[in-house]
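Have a look at the structure below, then the notes.
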Amino acid sequence: MPDPTSPTPVLARIASDASCLLRALRALPAERDASTLAAHITDAQDLADTALRLFSARSPQAARPSPTDLLLLHRVAQIAKAAQDAAAELTAALARAVESQRRQAAATSRRVVLIGPTPQQFIESAVDLLDRIPALCDAREWPESPCH
């Protein structure tokens, strides 16, 4: 029976899920709907949740963690933060997109002043954050990794 706290399959799933979310965000049309953005926010939050569950499962295992265990915990914490920050950026994109729609609908003239950053800029920031996750999951980069 596999160890449920083994980081290898969890990190592989996080890397795969992050790559799928990256592809979806890069393929978003300029005119995206709010429900699509909301679904991607949930995906990013799920990535953070998975990383935090792995962190919780691994952190109490040793009274004196080895340097390798500490490196793993550090990377998992970085993954969780990147995913949470990406979710926050996507939430900002959603809020800005809805605000822009509201301003356009309420405009009494053809000229509408939209505020920046644009939803696309928030999405690009989320992509930059998520782009770090697969490398953080790659156990081959770790010295004396328990994941080999």
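All values reported here derive from a predicted model rather than from experimental measurement.
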Please report the C-alpha distance between Ile79 and Leu47 in whole Å, then the side-chain angles of each, then the deciding distance to 0.1 Å, and finally whether the side chain to side chain contact (heavy atoms under 4.5 Å, CB included) criterion is met. CA-CA 8 Å; Ile79 292 165; Leu47 280 172; over 6 Å; no
Check: Ser59 side chain, Phe55 main-chain N or O, donor-acceptor pair, under 3.5 Å: yes
Between the side chain of Ser125 and the main-chain N/O of Gln121, is any donor-acceptor distance below 3.5 Å? no
Side-chain contact, heavy-atom cut-off 4.5 Å: Val76 with Leu11? yes
With a 4.5 Å heavy-atom cut-off, do Leu28 and Gln120 have their side chains touching? no
State the [atom1]-[atom2] distance between [X] and [Y], to the nearest 0.5 angstrom.
X: Ile14; Y: Leu21; atom1: CD1; atom2: CG; value: 13.0 Å
X: Lys81; Y: Ile133; atom1: NZ; atom2: CD1; value: 11.5 Å
X: Arg75; Y: Leu73; atom1: CZ; atom2: CG; value: 12.5 Å
X: Gln45; Y: Leu90; atom1: CD; atom2: CG; value: 9.5 Å
X: Leu72; Y: Ser66; atom1: CG; atom2: OG; value: 9.0 Å
X: Asp17; Y: Leu130; atom1: CG; atom2: CG; value: 11.0 Å

Tell me the closest heavy-atom pair linking [X] and [Y], and the distance in Å.
X: Ala80; Y: Ala48; answer: O-CB, 3.8 Å
X: Val127; Y: Leu22; answer: O-CD2, 3.4 Å
X: Ala44; Y: Ala83; answer: O-CB, 3.6 Å
X: Ala86; Y: Ala126; answer: O-CB, 3.7 Å

Check ion pair Arg96-Glu99 (N to O, under 4.0 angstrom): no
I'd like to know if Arg26 and Asp131 make a salt bridge, using a cut-off of under 4.0 Å between side-chain N and carboxylate O. yes
For residues Leu136 and Leu70: do they belong to one hydrophobic cluster (side chain heavy atoms under 4.5 Å, members Ile, Leu, Val, Met, Phe, Trp, Tyr)? no
Give the cluster check for Leu25 versus Leu129: same hydrophobic cluster or not, with ILVMFWY residues linked at side-chain heavy-atom distances below 4.5 Å. no
What I want to check is whether the side chains of Thr36 and Asp33 have a donor and an acceptor closer together than 3.5 Å. yes
Would Glu89 and Ile123 satisfy side chain to side chain contact (heavy atoms under 4.5 Å, CB included), going step by step from the backbone distance to the final call? CA-CA 7 Å; Glu89 291 293 313; Ile123 291 168; over 6 Å; no
